[in-house]
A.B. asks: 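Starting off with a structure, shown below.
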Number of protein chains: 2
Amino acid sequence: MPAERDLLLRDVMDRIGDKWSVTVICRLDDGPLRFNALKRAVDGITQRMLSATVRRLERDGLLTRTVHPSVPPRVEYALTDRGRSLHRVLAELVAWTEDNLDDIQQCRKRFDAGEYGAHA
Amino acid sequence: MPAERDLLLRDVMDRIGDKWSVTVICRLDDGPLRFNALKRAVDGITQRMLSATVRRLERDGLLTRTVHPSVPPRVEYALTDRGRSLHRVLAELVAWTEDNLDDIQQCRKRFDAGEYGAHA
DNA sequence: CGGGATCCGTCGCGATACTG
DNA sequence: CAGTATCGCGACGGATCCCG
């Protein structure tokens, strides 16, 4: 991979590398959700962070924000086609993780235990 | 994607979502490099961050750190098979970015200009 | 219900200097 | 050459209160 593409990859990582974006995308892939439903689905996110996260995702055209004028207010969030295509790539990352997470944790334990590399 | 897998994805993101890990992995995919060569290849990284980054990647078994006892000291970093398999997934992310970055930047410009969604 | 505004802690990261 | 130690800042993110 040529170095120029690093910058591209950094662009995506800067966008989805934050704490909540990927989770929101994943939860929204099952279908549109309203604000508080999405908040419950994500679990652990605060209103502030959800609000900021969906705005950034909307800004990048990864999801749409639809306001239904009614009382009480009703706002639905849904992935765009682009958002869904990104989710497909993220799914590959999930698959990779499922294949490797156990080994990784083993590695980490051995590394922390031996602190090898220090003398061996 | 079920919610339990969010946690898995968060695990990877926490690992490679930092500023330098993906770049180091990309540069190392072309072949092993010594510390300062890697530092030059990454461009912009400080010694401190490179040192911390490679240690975490080594800890997770994504790369190996080989010390050749000589004067001057000679340390080579190389991706493991697992590191290379991760790089393949990251390459998909790069491909996705190449396909979408222009559109994303368009979206962002329109979003910032109109601040639509506020009234429309 | 769906947010915005504010305050504040943490920690990732950069710059610099020093070491074996 | 290949790191480590120290310092400091700024962004990210959590908690809380307030509003239409």
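A note on names: the letters A, B, ... follow the listed sequences, proteins ahead of strands, and every chain is numbered from 1.
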A.B. asks: Would you please name every residue forming a side chain to side chain contact (heavy atoms under 4.5 Å, CB included) with A/Pro72, sequence neighbours left out?
C.D. replies: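 With sequence neighbours excluded, A/Pro72 shows a side chain to side chain contact (heavy atoms under 4.5 Å, CB included) to no residue whatsoever.
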A.B. asks: Which heavy atom of B/Asp18 sits nearest to which heavy atom of B/Ser21, and what is that distance?
C.D. replies: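 Where B/Asp18 meets B/Ser21 most closely, the heavy atoms are OD1-OG, 2.6 Å.
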A.B. asks: Sequence neighbours left out, what passes salt bridge (Lys or Arg N to Asp or Glu O under 4.0 Å) with A/Glu92? Give chain and number order.
C.D. replies: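 With neighbours one apart ignored, the set is empty.
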A.B. asks: Which letters describe nucleotides 14-20 of chain C, given B = protein heavy atom under 4.0 Å from base, S = only from sugar-phosphate, - = neither?
C.D. replies: BB-B--B
A.B. asks: Taking side chain to side chain contact (heavy atoms under 4.5 Å, CB included) as the definition, give me every residue that meets it alongside A/Arg10, ordered by chain and number, with sequence neighbours left out.
C.D. replies: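 Checked A/Arg10 against side chain to side chain contact (heavy atoms under 4.5 Å, CB included); matches are A/Asp14, B/Lys19, B/Val22, B/Thr23.
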A.B. asks: Kindly give the cluster partners of B/Leu7, where membership spreads through any ILVMFWY side chain lying under 4.5 Å from a current member.
C.D. replies: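 Members other than B/Leu7 - counting any ILVMFWY side chain reachable under 4.5 Å - there are none.
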A.B. asks: Grab the CE-P distance between A/Met13 and C/dG12 for me, whole Å please.
C.D. replies: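 Roughly 15 Å, once rounded to whole Å.
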A.B. asks: With a cut-off of 3.5 Å and sequence neighbours excluded, list every side-chain donor-acceptor pair involving residues 99-109 of chain A.
C.D. replies:
{"from": "A/Asn100", "atom 1": "ND2", "to": "A/Trp96", "atom 2": "O", "distance (Å)": "2.7"}
{"from": "A/Arg108", "atom 1": "NE", "to": "B/Asp60", "atom 2": "OD1", "distance (Å)": "3.0"}

A.B. asks: With a 3.5 Å cut-off and sequence neighbours excluded, list the donor-acceptor pairs that the side chains of residues 33-57 of chain B form with protein atoms.
C.D. replies:
{"from": "B/Thr46", "atom 1": "OG1", "to": "B/Met49", "atom 2": "N", "distance (Å)": "3.3"}
{"from": "B/Thr53", "atom 1": "OG1", "to": "B/Met49", "atom 2": "O", "distance (Å)": "2.6"}

A.B. asks: Please enumerate all residues that pass side-chain hydrogen bond (donor to acceptor under 3.5 Å, both in side chains) together with B/Arg88, with sequence neighbours excluded.
C.D. replies: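 side-chain hydrogen bond (donor to acceptor under 3.5 Å, both in side chains) list for B/Arg88, sorted by chain: empty.
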A.B. asks: Round to the nearest Å and state the distance from A/Leu33 atom CG to C/dG2 atom P.
C.D. replies: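 Going from A/Leu33 (CG) to C/dG2 (P), I get 11 Å.
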A.B. asks: Which residues pass the side chain to side chain contact (heavy atoms under 4.5 Å, CB included) test with B/Ala3, not counting sequence neighbours?
C.D. replies: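 If we apply the side chain to side chain contact (heavy atoms under 4.5 Å, CB included) test to B/Ala3, skipping adjacent residues, the hits are A/Arg27, B/Asp6.
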A.B. asks: My understanding is that only residues two or more places apart in sequence, or in another chain, count here; which of them pass side chain to side chain contact (heavy atoms under 4.5 Å, CB included) with B/Pro73?
C.D. replies: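 Result, side chain to side chain contact (heavy atoms under 4.5 Å, CB included) vs B/Pro73: none returned.
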A.B. asks: Using the C1' atoms of five pairs at each end, what's the angle between the two axes of the helix from C/dC1-D/dG20 to C/dG20-D/dC1, to 10 degrees?
C.D. replies: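 For the helix from C/dC1-D/dG20 to C/dG20-D/dC1, the axes at either end differ by 50°.
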A.B. asks: Going 5' to 3' along DNA chain D, which nucleotides are the first and last within contact of chain A (any atom under 4.0 Å from a heavy atom)?
C.D. replies: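 For DNA chain D, the relevant span reads D/dG13 to D/dG20.
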